[in-house]
Amino acid sequence: MSHEAAAPPAAPKPTKAPALNRLSLDLKAYKGANSTLCSGCGHDSITNAIIKSFFEYGVEPHRVAKLSGIGCSSKTTAYFLSRSHGFNSVHGRMAAVATGSNMANHTLLNIGVSGDGDTASIGLGHFLHMVRRNPQLVYLVENNGCYGLTKGQFSATADKGSLQKGGAVNRMDPIDICALAIEMGCGFVARSFSGDAKQLNQLLKAAIAHKGTALIDVVSPCVTFNNHEGSTKSYPYARAHEELIHEVGFVPFFEEISVDYDAGTTQVVELHDHSKVVLKKLERDYDPTNRRQALELLSHAQENQLFLTGLVYLDPSMPSMAEQLDLGSEPLATLPAEKLRPSPTALAEIMETFK
Amino acid sequence: MSHEAAAPPAAPKPTKAPALNRLSLDLKAYKGANSTLCSGCGHDSITNAIIKSFFEYGVEPHRVAKLSGIGCSSKTTAYFLSRSHGFNSVHGRMAAVATGSNMANHTLLNIGVSGDGDTASIGLGHFLHMVRRNPQLVYLVENNGCYGLTKGQFSATADKGSLQKGGAVNRMDPIDICALAIEMGCGFVARSFSGDAKQLNQLLKAAIAHKGTALIDVVSPCVTFNNHEGSTKSYPYARAHEELIHEVGFVPFFEEISVDYDAGTTQVVELHDHSKVVLKKLERDYDPTNRRQALELLSHAQENQLFLTGLVYLDPSMPSMAEQLDLGSEPLATLPAEKLRPSPTALAEIMETFK
Amino acid sequence: MSEASPTSSESQSANRPRVNDVTISVATSNGTGSQSANLILMRSIFNMGIPVGAKNMFPSNIQGLPTWFTVRASAAGWSGRRRLIDLCVAMNEESVVDDIAQLPPGATLVLHKSLEKYAQRTDLVVHVVPFDDLVSGLVKEPKLSKLVVNMIYVGVVAHLFAIDMKEVERAIQRQFSKKASAAKINLDAATVGHVWAEANLPQSATHRLERMSATDGKIIIEGNQATALGLVFGGMTVLGWYPITPSSSVAEVTIDYLSKYRKDPETGKPTYAVIQAEDELASMAIVVGAGWAGARAATATSGPGISLMGELVGLAYFAEIPAVIVDVQRMGPSTGLPTRVSQGDIFSAYHLSHGDGKHPLLLPGNVRECFEFAAESLDLAERLQTVIFVMLDLDLGMNLWSSDPFEPIAKPIDRGKVLDEAQLAKVGSFARYKDVDGDGIPYRTIPGNPHPLAAYFTRGTGHTEAATYSEKAQDWKGNLDRLTRKFDTARTLMPRPVLKAATPGQVAEIGVIAFGSSDPAVEESRAELASQGMAIDYLRLRALPIDREVREFIEAHRVVYVVEQNRDAQLASILKAELPERATALRSVLLYSGLPADAQSVTEDIVRQESKEGRA
Amino acid sequence: MSEASPTSSESQSANRPRVNDVTISVATSNGTGSQSANLILMRSIFNMGIPVGAKNMFPSNIQGLPTWFTVRASAAGWSGRRRLIDLCVAMNEESVVDDIAQLPPGATLVLHKSLEKYAQRTDLVVHVVPFDDLVSGLVKEPKLSKLVVNMIYVGVVAHLFAIDMKEVERAIQRQFSKKASAAKINLDAATVGHVWAEANLPQSATHRLERMSATDGKIIIEGNQATALGLVFGGMTVLGWYPITPSSSVAEVTIDYLSKYRKDPETGKPTYAVIQAEDELASMAIVVGAGWAGARAATATSGPGISLMGELVGLAYFAEIPAVIVDVQRMGPSTGLPTRVSQGDIFSAYHLSHGDGKHPLLLPGNVRECFEFAAESLDLAERLQTVIFVMLDLDLGMNLWSSDPFEPIAKPIDRGKVLDEAQLAKVGSFARYKDVDGDGIPYRTIPGNPHPLAAYFTRGTGHTEAATYSEKAQDWKGNLDRLTRKFDTARTLMPRPVLKAATPGQVAEIGVIAFGSSDPAVEESRAELASQGMAIDYLRLRALPIDREVREFIEAHRVVYVVEQNRDAQLASILKAELPERATALRSVLLYSGLPADAQSVTEDIVRQESKEGRA
Ligand SMILES: Cc1ncc(C[n+]2csc(CCOP(=O)(O)OP(=O)(O)O)c2C)c(N)n1
Ligand SMILES: Cc1ncc(C[n+]2csc(CCOP(=O)(O)OP(=O)(O)O)c2C)c(N)n1
Ligand code: SF4
Ligand code: SF4
Ligand SMILES: [Mg+2]
Ligand SMILES: [Mg+2]
């Protein structure tokens, strides 16, 4: 099934977005600096999707921390949410930097933007270990199958047989970031396409509402180095091959759902903030809360070089890192200094044990 | 099914090992320096299994390169095959070091010994990327669920709920090295137990015969720091819980098989050097050449905390790294210097293009 | 174990036994449980009021290789390593030949009976002890007797040097306070040794221990433990770490004390978060992420970890993120000797990362400073918005040192130039990298600050004062020059060096500069040299970058010996580059055998170099 | 783009146009295809036989940010950056204000018509060109016209300076040799520009280009390309790499030439293996593994990669494994300015890794040396069994330089002290880390050697001469001292410095030391200073560690200016530490704005420092 044929997501009904969100902020409050990416770059579409989703969900900008590694994709954190603190760190380490940021202040929502090189090559180990820890983080991989910023070398997500601009053939199987994330226990795993603004929007809002780490692997064409014939991460290829697993809808906690869904065709999963993910069946019967099914879907897709998008796996119950660390409501970053130093009596008590 | 109940592997018939192997070398020729590990350490049993397997297979010691990272496990490369070059490198990078060694000389058989910390923590990214490249390498993880050499901290393979010696509880799910290796396309994936000398011996010989990377994840108790009650990587726990997937037998290419196997109960897979892996069914119907089944088996085991051992996955056909690099028969390391410098004419020709 | 060939022992010179001045070495193999016997031996002497220190020289494996524990009792309070051993307890066949060979003439050898055949030297006082027989009278179980046998030599040594068995008993009770049965069997073993020795051996004719009161109220502690306490009392909130010898116990002890003393009294929730990371890249990334987000974050590691942290340290330098790295140095390069002593990371820490950049180092010289500097490092990191290294080494970090108990930290916690919402509203403008105060240190805001001006974008690439992207030459240079100014500010904020004149109020011709665990050896060496008529002023460096005092000290002396425990004269190189006018006055005394610094090596090298000049 | 405020241009001084001495800057935005127009402009001048060099100042993104290309034609052969621009083609609104502001009075400005409003200065010769109109007469398709518009300014500039259009055509044909249609449209565009300019603009009154024959037989090449050729002809067999600006093209060009020129003629199989690794840790690990197993292995990277390679470089140093690292330096610390020029990794490369250790650096100063030193590095790595750094920078590596064609390498490939089976049988013994020859360099065997004595065990931990594990003090120290000896041997094997006396046979009072891409600026500065009556001797350093010549040079001069492109005076610090007696004679000239070195900055700084001393 091609993407063009897909009906818009079922719920909420697509209405014209209001000019102000529930915080009375306008869309502009969610924008950032001008992009310096190539015009047409998939990453810019994702930036727009982020702006829209955070606006619609009504996230307070100052409660967001934007984190990234290095790459064209990683630059984009400067292009949205200019009223949020941002940290464009070093190549491949964002997952661990975000972990630290979340330890310091677990009340912030981290949004991490990375590339396929940043995540699946140099950063693979950190990414997987971060997933195990489950910090509060929307983790986006802007996946173009190549290293954009260093001019188009193959990355580890390049499909087998895919051609480089110069003609070189990729001989290795791609790394499936989603499959690895599920293997490592990630509770929210999705795949999307930068050209599919609607799906991305719903997925992003669901990711914002998710407790713990939410991974979205977004195929995002590099128009300059990987948009030619023979590339499987080009716009034409992705457009022609995108196949929806289901239609993804999202109902935020602050909106009432009045209609009842047909349990036969629609699956509703409630997230920890009482937002709801609404999945409407298309061709296949797929339950994204079933880990085994999710892994099978991905290996089926990999074996048959299918480009399936949607919410691959969802388990809203995984304890977040902050829960595992038993952190209180006040973030460590702003605890008053008095609370950080044990008393002189405590020191004296300890000194006794060394006598 | 407990391990004690298992019958010895079906083929070849267990006979007393001859004093000299097919190269007329005795077992001593495969030994190394004295171990400096704690007495009773699982790693020493694996060392013995390696000595025996290389002896029985009749590998020429000088055609072996021994590689390791850092850890108690990584030290063991000094304790076997003293007539092979060995390289105890740095923590977590052995996979990449072995890749380089194999590029320089793809005619050597690499044996890499690592620990669960070395492979699944610091080395995870390199390990996974090495697997994708498929160098000629028997890769052993001596998995004790802890960092032995630094005195017993949990590693990333420690089971959830497992207790540290001091009483701390591990709260994270373990990383399943075998599952990740299959996910990354490894063609030979096995799990074993240092206390199961027979199975390990057969698996090791099959690994030697395998073209490309052969991973064996061996549970190997740390008697000093992780052999207490509450540990799931202790001898008592492993002995009580080991469950064989099948009986693994190995028939080297230089031995004739005279008997016919019953196809209903035995599966025979031929390796690229015409050695054969002979798998005898026990309770379950399991085909290790089926990738999907293999992944399912592992996730089933993980979910139910089962300790299943045997050959989890086998695909003898994967092109090795040397094949992908199209290397000739003479290793790069010893190519005559004349072959390494293009002619002055070639230089002149190139210079013309810059004029 | 020692680099020295035997020379005649000083202990020979007197006829009557020397009082409270003895060095005992116990040679066993590791993992055999000798550690608690050794601690009890040390503690017994301490309990008698005699200053005592211990050094554990252990191999880089877990069980079965030679290990040495030396206990030095010194009425004068010298706590550095001594090269010459007065009494050796030789329990280990693997090392016994060397152990005996390097004893000075006249030394005492307590020998396990099974090793009797090695006792060929006639210039030693040799006591062969039937340890196996003695232990078999006590316990039958082989594993237990292996442990308990070590207590027997404690009893033997107690007899030889007249250690009060009451104090041995107290030390045993303390050691096994939670296990009465273990206390009993160990006390029995010590007593068996003591009784046997009383019956069979004369007391030492050369050495004797007598009660004094120099240890009243003192504590015995390892530098890593002290550092951990410093982090806990310094208000560290985030720890990211990865195990590595010899730094692991910094993190492990920190975690212990955090869980006991750092719960919020109101909520009962921890005021900290700790993660054991997957590697040092991640532990540093966690620290950088946490520091950026407003935590007081630290990590502890050793050389290989330092190497791995380079890129992230450069990021923190340039993006100006507070971070603390405790580096418990071990012997490098490469994996090197993980359980040996070195000050080999001075260079790599000071200059860590590619491109231009320098980082302040704290150089504690004793356990009290480990505590104080670890706490101080968190303040300095936030005040300077940069990476602060706390440089220990294995000797300081993992050996036992006696000290006065640590005083509560008087100075309130300093979070540096942070603008919260109210302050930002007051000042009304904010540019993250602007040098408002002329000290090179800009202001920062912490993520989550709701003020509309608060947010800024942090990057490792070139940026303007307002934290926007820039590749302009003047922005780049301006920023780098401000960082130089900030480093100059750091000079004034670091702990001052400690100056000790040979003659108070006077300036000697010769100076010595040292730091860290070299201090006891240098102090003892100064005393040795003074007794040879060579007066030496001493500047103990406690931090880099250097400030005025160091310059003045070097200017004031004809020659200054820089004592450091590395091959490449790392500190001396830094000093020469910073003080070219005095570069020729700087001489190096380099110790890099992996053993803790000892006075004699320092003395000999200074004497050699001075006599070359025809001065000594 | 430039740090200078405008001062009166030299080009004003004469009445007749200066011949063959002009600097042109083209300001566009990147990704707009101006690159080929710029190359054609440069090549046209080159084709006229005039020495010419080009510098590309591009941003660290792929498309849309300001970028500058400067072409300098110089009959005298000066190829360094010039601070003052004679002609600026301003095509980019984003940078036009700065572009105009920094032009010296009298300079010529070719301005895109849409930017006309910015032309407020009256002291410039301003030519407004209707580029859009001109291009629309040629092509309609907007994407194509965007590309082709740039060729129009080539035609305009050709007219202004009397560049022969025949040579422009030749350059176009060369550039588009594979695409006749592209050649045609570009030629058309250049012609349109030329014709329009002929009709509407006077030729330049200040500058003019005239045919000469100084470029006959020369090549134009980038340093990275030259380095790649050096690796290919140096017999590299294994390349492990990870993309990073500005080093990526070293690997990419190497791969191209390997595939063309490094097939075994007998078997048709490659005599090399290349892997694009997952990161720099892996690329260095691959190099170390390959070097250990007998390959001639190399990697190429830039600062952040150097930081990540620290631990493995320490391993290679200590385990004595040959390895080559090409470091195309960029501006650090941190991510810094990836597309700007710096020599900021001298320190980090020289001392890379924790613990003691130093590594030889090769410092090519021109493209020919890039070729030769890259080849030589592989020999040195095997001869010395250590890591050799080849230090380039973005200016040398990615800009275009004219050079004589490279000569074939005469010296046969040197694999160093390797014992094969037969040699081992002959010598009859083998101890991996024994200093047999007294030069500190031990012998090694390569895995796979079947001789029973061949195998040894490599470790990063302490070891004996026989490569067995050891924690003994004397083994450790002995080994480290041998490594020092080996480093002293390295001093004698590295390329010698190049000495240029101000007056041959005489020693001037002032010396200058520089290296790498600073060379053209320093040479030009010497000429400038000589014309002001200041004679300066020049030592161009081509490697570290230093040897005798450097010491002697520094000893021979009253004062020596060390020119380097970093903030921390990295080379000067190394020299001061190595030569304390002359530490005060060393002065620093530091360039760290990210722009390529220019003569004027050097001249001004030397004049300033000398006049401070009251000497100038
Ligand atoms: C340590 C380090 N190595 C290499 C680089 C060079 N580098 C910058 S971005 C990048 C890859 C970017 O690829 P990806 O993450 O897929 O992002 P994209 O540009 O494709 O969006 C690399 C290798 C770097 N900045 N740091
Ligand atoms: C870069 C670095 N970090 C940390 C260490 C310290 N270290 C040595 S071994 C080890 C872990 C070993 O665990 P594992 O690989 O499971 O081996 P085991 O000892 O359990 O066999 C660590 C963390 C090191 N040597 N190098
Ligand atoms: S190079 Fe590719 S990934 Fe980078 S900005 Fe351009 S189109 Fe996007
Ligand atoms: S510490 Fe554990 S892993 Fe290490 S040698 Fe001892 S038993 Fe084995
Ligand atoms: Mg990418
Ligand atoms: Mg382990």
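Just so we're on the same page: letters track the sequence lines, and every chain starts at 1. Since we're looking at a predicted model, the values are computed, not measured.
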| message | Can you see whether Ser68(A) engages Ser74(A) through a side-chain donor-acceptor pair at a distance of less than 3.5 angstrom? | response | no
| note | Most heavy-atom pairs under 4.5 Å with chain C, out of Pro344(A), Ala96(A), Gly86(A), belong to Gly86(A)
| With only heavy atoms counted, which part of Val418(C) is less than 4.5 Å from chain A, the side chain, the backbone, both or neither? | neither
| field | Among the listed options Arg83(A), Arg133(A), Glu60(A), the residue most often paired with chain C at heavy-atom distances under 4.5 Å | value | Arg133(A)
| note | Scored by heavy-atom pairs under 4.5 Å with chain C, the best of Arg93(A), Lys66(A), Met130(A), Glu330(A) is Arg93(A)
| field | Interface moiety of Ala467(C) toward chain A, non-hydrogen atoms closer than 4.5 Å | value | neither
| task | Under 4.5 Å heavy-atom distance to chain C, tell me which part of Thr36(A) shows up: side chain, backbone, both or neither. | result | neither
| query | For the atom pair CZ (Phe46(C)) and NZ (Lys218(C)), what is the distance rounded to the nearest 0.5 Å? | reply | 8.5 Å
| query | Of the non-hydrogen atoms in Leu67(A) and Ala98(A), which two are nearest, and what is the gap between them? | reply | CD1-CB, 3.7 Å
| request: Anything under 30° is parallel, anything over 60° is perpendicular, the rest tilted; go ahead and classify Phe188(A) against His210(A). | output: tilted
| query | Which region of Ala282(C), side chain (C-beta onward) or backbone (N, CA, C, O), has a non-hydrogen atom less than 4.5 Å from a non-hydrogen atom of chain A, or is it both or neither? | reply | both
| Top of Ala95(A), Ala104(A), Ala348(A) for chain C proximity - count of heavy-atom pairs under 4.5 angstrom | Ala104(A)
| Can you find a side-chain donor-acceptor pair between Arg262(C) and Thr271(C) that sits under 3.5 Å? | yes
| message | If I measure from the heavy atoms of chain A, does Thr445(C) come under 4.5 Å with its side chain, its backbone, both, or neither? | response | both
| How are the rings of Phe371(C) and Phe406(C) set to each other: parallel, tilted or perpendicular (split at 30° and 60°)? | parallel
| remark: Honestly, the part of Asp279(C) sitting under 4.5 Å from a heavy atom of chain A is side chain
| With only heavy atoms counted, which part of Ser89(A) is less than 4.5 Å from chain C, the side chain, the backbone, both or neither? | both
| query | For chain A, which of Asn47(C), Thr267(C), Val288(C), Ile446(C) has the most heavy-atom pairs under 4.5 Å? | reply | Ile446(C)
| Contacting moiety of Leu229(C), where chain A heavy atoms sit under 4.5 Å | side chain
| request: Side chain from CB out, backbone as N, CA, C, O: work out which of these in Leu108(A) comes under 4.5 Å of a heavy atom of chain C, or both, or neither. | output: side chain
| task | With a 4.5 Å cut-off on heavy-atom pairs, point out which of Pro61(A), Ala322(A), Gly328(A) contacts chain C the most. | result | Gly328(A)
| query | At a heavy-atom separation under 4.5 Å, does Ala78(A) approach chain C through its side chain, its backbone, both, or neither? | reply | both
| message | Less than 4.5 Å to any heavy atom of chain A: does that hold for the side chain of Ile409(C), its backbone, both, or neither? | response | both
| query | Do you see a donor-acceptor pair shorter than 3.5 Å between the side chains of His106(A) and Gln136(A)? | reply | no
| field | Most contacts with chain A, counted as non-hydrogen pairs under 4.5 angstrom, among Glu278(C), Arg459(C), Lys269(C) | value | Glu278(C)
| Where does Tyr257(C) contact chain A at under 4.5 Å (heavy atoms): side chain, backbone, both or neither? | side chain
| query | Which region of Met94(A), side chain (C-beta onward) or backbone (N, CA, C, O), has a non-hydrogen atom less than 4.5 Å from a non-hydrogen atom of chain C, or is it both or neither? | reply | neither
| field | Distance-only polar pair, side chains of Asn110(A) and Tyr139(A), donor-acceptor under 3.5 Å | value | no
| Which region of Leu315(C), side chain (C-beta onward) or backbone (N, CA, C, O), has a non-hydrogen atom less than 4.5 Å from a non-hydrogen atom of chain A, or is it both or neither? | side chain
| field | Lys31(A) side, atom NZ; Asp26(A) side, atom CG - distance, nearest 0.5 Å | value | 9.0 Å
| query | Are Glu382(C) and Arg296(C) within salt-bridge range, i.e. N to O under 4.0 Å? | reply | yes
| said: As an exercise, state the distance from SG of Cys178(A) to CD of Glu183(A), rounded to the nearest 0.5 Å. | reply: 13.5 Å
| task | Could you tell me whether Glu266(C) and Lys339(A) have a side-chain N and a carboxylate O separated by less than 4.0 Å? | result | yes
| Any chance CG of Asn34(A) has more than 12 other-residue heavy atoms, nucleotides or ligands included, within less than 6.0 Å? | no
| said: Under 4.5 Å from any heavy atom of chain A, what part of Gln225(C) do you find: side chain, backbone, both or neither? | reply: side chain
| Contacting region of Thr77(A) [heavy-atom separation from chain C under 4.5 Å] | both
| said: Tell me if the aromatic rings of Tyr469(C) and His463(C) count as close, with their centers under 6.0 Å from one another. | reply: no
| note | Among Pro270(C), Ala297(C), Gly460(C), the residue with the most heavy-atom pairs under 4.5 Å to chain A is Pro270(C)
